[in-house]
Amino acid sequence: MRERLGDTFDPIAVPDLPTPDPDLDRSVAELRRLREAIAGLAHSEVELGDIADRLAEAADLLEPRVPEPARRLEAMWTGAGSRRANPVGGPENPIAPPVRFFGCDDGSVTAEVTLGLAYQGPPGCVHGGISALIIDHMMGFANHWGGRYGMTAHYEIDYRSPTPLLRPLTFRSWVDEVDGRKTWTKATIHAGDRLCVEARGLFLEASVAVPGHPDRRSTVGDGA
Ligand SMILES: CCCCCCCCCCCC(=O)SCCNC(=O)CCNC(=O)[C@H](O)C(C)(C)COP(=O)(O)OP(=O)(O)OC[C@H]1O[C@@H](n2cnc3c(N)ncnc32)[C@H](O)[C@@H]1OP(=O)(O)O
């Protein structure tokens with residue numbers, strides 16, 4: 001996080017965290033490829049019996065080896081925290097859309113994202129809940145970048161024009177106002193120059209118990 005915010009717009013990539021297990025990242029990357037491929041299959045001529053059998057084989061192999069969710073939750077809050085596992089870009093999370101964040105010198109954060117068929121709401125458009133998911137997370141990241149933290153207490157979204165699938169979208173978010181424990185944060189989504197979505201959220205400084213460590217509380221949603 002920057003101590004001081006300048007007025008130039010100079011994106012700085014949020015560094016990737018080193019993977020504790022390259023094969024996990026590789027497995028997630030393959031699952032994402034499958035996710036996009038399968039989302040495009042309905043009403044196609046593709047014969048799927050053999051594919052479904054092979055996928056079942058992989059799932060049967062994996063399921064019995066998965067640790068208890070409580071152990072996984074606990075491990076998530078050590079080291080790099082949950083940042084690698086979050087549902088917005090986390091490289092360990094198969095449902096995460098491919099979002100990469102940049103912090104900017106002007107205090108905002110930005111991301112370029114192209115969303116595929118798995119994220120469809122209206123025909124050819126991004127589901128409004130997916131836009132809200134990415135925006136909520138991004139506002140949290142903008143808070144961190146601006147030296148603030150907090151849990152989402154409230155947010156409101158205006159869908160100004162349809163948000164297209166399969167085209168690069170620009171997400172942007174910045175801290176708008178602060179008052180004691182309260183942070184108001186804004187966000188937008190643009191397709192080219194066209195405004196698709198604008199949002200404003202209220203975040204309240206708070207802490208939550210860390211799984212497996214009843215004596216510890218965390219103030220950051222992402223362990224970052
Ligand atoms: C590099 C990696 C980055 C990583 C970046 C990672 C980002 C991750 C982002 C994920 C974001 C999430 O999903 S967070 C998860 C979703 N959010 C939650 O689950 C939050 C659940 N809600 C709560 O736990 C609670 O309601 C809190 C903590 C938000 C607030 O409870 P509290 O602390 O008791 O607050 P309380 O005293 O009631 O209120 C304090 C003041 O705020 C006002 N206030 C409270 N709630 C509201 C409200 N909904 N709308 C308006 N105003 C409200 C009150 O009127 C009061 O104003 P006044 O009288 O003082 O003026």
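As the structure lists them, so they are numbered: ligands from 1, and atoms in each ligand from 1. Just so you know, these numbers come straight off a predicted model, no measurement behind them.
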*Which bit of His144 is near ligand 1, meaning a heavy atom under 4.0 Å away: side chain, backbone, both or neither?*
side chain
*Of the choices Val109, Leu204, Leu202, which has the non-hydrogen atom that lies closest to atom 30 (C) of ligand 1?*
Leu204
*In plain terms, say whether Glu112 and Arg100 are close enough for a salt bridge, that is, a side-chain N and a carboxylate O under 4.0 Å apart.*
no
*Does anything in residues 120-131 pair up under side chain to side chain donor-acceptor pair (under 3.5 Å), and if so which pairs, sequence neighbours excluded?*
none
_Ring centres under 6.0 Å, that's the criterion: do Phe101 and His137 meet it?_
yes
*asked:* Please list, in number order, the atoms of ligand 1 under 4.0 Å from a heavy atom of Met151.
replied: 18 (C), 19 (O), 20 (C)
*Taking atom 48 (C) of ligand 1 as the point of reference, which of Lys182, Arg181, His154, Glu205 owns the nearest heavy atom?*
His154
*Which residue pairs pass the side chain to side chain donor-acceptor pair (under 3.5 Å) test with at least one member in residues 59-71, sequence neighbours excluded?*
none
*asked:* Quick check on contacts: which atoms of ligand 1 are under 4.0 angstrom from a heavy atom of Ala206?
replied: 28 (C)
*For Arg26, does the CZ atom have more than 12 heavy-atom neighbours from other residues, nucleotides or ligands under 6.0 Å away?*
no
